[in-house]
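Scope of the values below: all heavy atoms of this structure, side chains included, with no hydrogens, waters or symmetry mates.
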Amino acid sequence: MGCFFSKKSKRKSPEKEDRTPTTTTVETTTTGNAVPLGNNTDEAPKQYSWDKREKVDPKDYMLTGLKDVTVGRLPGTLNGQQFVIQECENCNIYVFDHSATITIDDCINCRIVLGPVKGSVFFRDCKDIKCVVACQQFRTRDCKKMEVFLCCATQPIIESSTGMKFACFQYFYPELAYHFKDAGLSIFNNNWSNIHDFTPVSGENNWSLLPEASAVLDFVPVPDPESEFKSFRISGDASRSIVPLTKGGRRKDSEESCLFVFFSGEYSTANARKLIDEASAKGFMLIQTKEVSMRPEDVKRVFQNNAEDHVEWITKGPVIALELNGDGVVEACKSLANEVFSGTKVYVSDNKNTSSRDVDNFFNFADMQMGL
């Protein structure tokens with residue numbers, strides 16, 4: 001390999017060489033016909049798998065330098081690719097598809113909806129942002145005044161950021177459940193209120209939780225009726241949200257909580273949703289949820305005296321656990337288990353005197369399992 005100041009090679013230049021294809025022939029002994037050997041100029045070039053790939057235009061996976069517009073991507077346009085948003089001002093941005101990672105840089109006064117992201121969502125040098133985000137990892141750096149409706153499988157991280165406010169993810173569009181599955185995210189693993197501040201300031205709080213009654217569409221409105229998303233069905237109703245609305249780190253209304261666990265089955269997710277609806281109708285609050293896999297030794301540590309009844313069930317797949325809160329919640333959950341879920345394998349706290357221990361045992365295990 002040469003450089004700009006290297007000496008010229010004394011070898012004959014390839015351009016000056018005779019490039020006429022050579023074909024060696026041999027005459028058959030019986031017919032006298034010449035049969036070509038070696039290079040055959042009529043042979044089609046070999047095709048490789050990467051030659052057949054559809055060409056990707058990077059511009060299809062970027063939004064950059066926009067101002068005062070409503071833009072985004074419809075379902076099926078990203079299909080798990082990376083995406084970049086940068087240098088946008090006063091824009092409404094809707095990414096209604098799943099993606100690998102998303103970075104948002106140098107944006108000001110924007111409303112943003114991001115469909116499920118398999119990896120990380122990283123905001124850098126952004127200000128006055130209102131957003132809806134579902135992802136595996138959430139991080140901000142050098143940001144100011146953000147209001148985030150979040151579903152995050154791991155602990156959200158802020159760094160050198162101030163005025164950050166968080167609420168539980170509340171959103172629906174028709175393809176959203178499929179996008180969660182395509183991104184490999186569980187709707188039950190949401191650590192939206194468990195924020196880690198890398199750069200805390202003594203005597204100050206860089207982050208807080210939005211008021212419990214906050215409605216997502218008051219922060220991130222539905223798309224402009226004149227935009228390409230005008231016929232796209234969206235709901236910010238908490239009861240229709242794909243991700244269950246949890247109380248998170250807010251103060252509990254009651255000292256009584258109950259652990260309710262669904263073991264893996266064909267209708268585990270549907271059953272968990274039905275329990276949430278039934279419990280909410282009775283006035284109980286959903287504090288937190290988790291979906292995790294368990295080993296036999298985990299079952300013994302978490303369920304203790306009742307472990308033997310559950311060991312065989314954990315081999316069928318992950319369990320879904322919910323913490324419900326309110327006076328009388330343990331007896332109410334036991335009744336629901338018998339009346340509504342009688343044909344389903346479940347675990348329910350036995351009495352209110354030990355139910356808090358049940359909750360701590362399971363969710364401490366789940367947090368350790370997920371590295372939180």
Side-chain angles (χ1 to χ4, degrees), residues 72 74-75 92-99 102 111-118 121 130-136 138 146-154 156 165-195 209-223 229 232-250 253 260 262 267-291 320-326:
L74 288 166
N92 293 328
I93 299 172
Y94 302 91
V95 181
F96 294 129
D97 205 357
H98 67 102
S99 56
I102 295 183
R111 281 71 51 195
I112 303 173
V113 176
L114 301 180
V117 181
K118 185 174 185 177
V121 170
K130 297 175 173 61
C131 57
V132 180
V133 179
C135 59
Q136 177 73 18
F138 177 88
M146 288 184 59
E147 293 161 322
V148 187
F149 288 79
L150 180 64
C151 177
C152 187
T154 56
K165 297 183 179 181
F166 295 88
C168 183
F169 185 101
Q170 304 168 40
Y171 215 74
F172 169 86
Y173 61 81
E175 294 84 357
L176 185 54
Y178 298 104
H179 291 166
F180 263 90
K181 184 176 181 180
D182 290 337
L185 300 178
S186 169
I187 61 173
F188 298 106
N189 291 334
N190 188 6
N191 297 283
W192 67 270
S193 65
N194 184 21
I195 313 298
L209 302 184
L210 284 166
E212 196 163 356
S214 297
V216 64
L217 296 185
D218 291 339
F219 295 79
V220 184
V222 296
F229 311 104
F232 203 68
R233 291 193 294 118
I234 294 169
S235 174
D237 186 344
S239 65
R240 295 193 66 193
S241 177
I242 294 297
V243 176
L245 179 62
T246 56
K247 200 173 181 71
R250 295 189 179 98
D253 296 335
F260 202 117
F262 289 94
Y267 303 107
S268 298
T269 297
N271 285 335
R273 286 189 167 282
K274 185 170 181 58
L275 173 65
I276 293 169
D277 292 341
E278 295 280 350
S280 298
K282 295 178 182 295
F284 299 117
M285 293 297 301
L286 180 64
I287 304 300
Q288 58 181 329
T289 62
K290 282 289 188 295
E291 182 174 10
I320 298 174
L322 307 92
E323 178 190 355
L324 294 156
N325 180 265

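Ion pairing between K282 and E278 fails under the 4.0 Å rule for side-chain N and carboxylate O. Using a 4.0 Å cut-off between charged nitrogen and carboxylate oxygen, K247 and D253 count as a salt-bridge pair. A salt bridge is absent between K290 and E323: the closest approach of a Lys/Arg side-chain nitrogen to an acidic carboxylate oxygen does not fall below 4.0 angstrom.
Remark: C135 SG to L185 CG distance equals 7.5 Å, nearest 0.5 Å. To the nearest 0.5 Å, atom CZ of residue R240 and atom CD of residue Q170 are 14.0 Å apart.
In terms of the side-chain hydrogen bond (donor to acceptor under 3.5 Å, both in side chains) criterion, residue partners of D237 (sequence neighbours excluded) are, by chain and number, S239. Partners of F284 by ring pair (Phe, Tyr, Trp, His ring centres under 6.0 Å), not counting sequence neighbours: none found. Residues that satisfy the ring pair (Phe, Tyr, Trp, His ring centres under 6.0 Å) test with F188, not counting sequence neighbours, are absent from this structure.
Classification of the Y173-F232 ring pair by plane angle, with boundaries at 30° and 60°, yields tilted. Between H179 and H98, the ring planes lie tilted relative to each other; the angle falls in the 30° to 60° range.
Looking at S280, its side chain never comes within 3.5 Å of a backbone N or O of D277 through a donor-acceptor pair.
Applying ring-ring contact (aromatic ring centres under 6.0 Å, His included) to F149 and the options W192, F219, F166, F138 leaves one that passes, F219.
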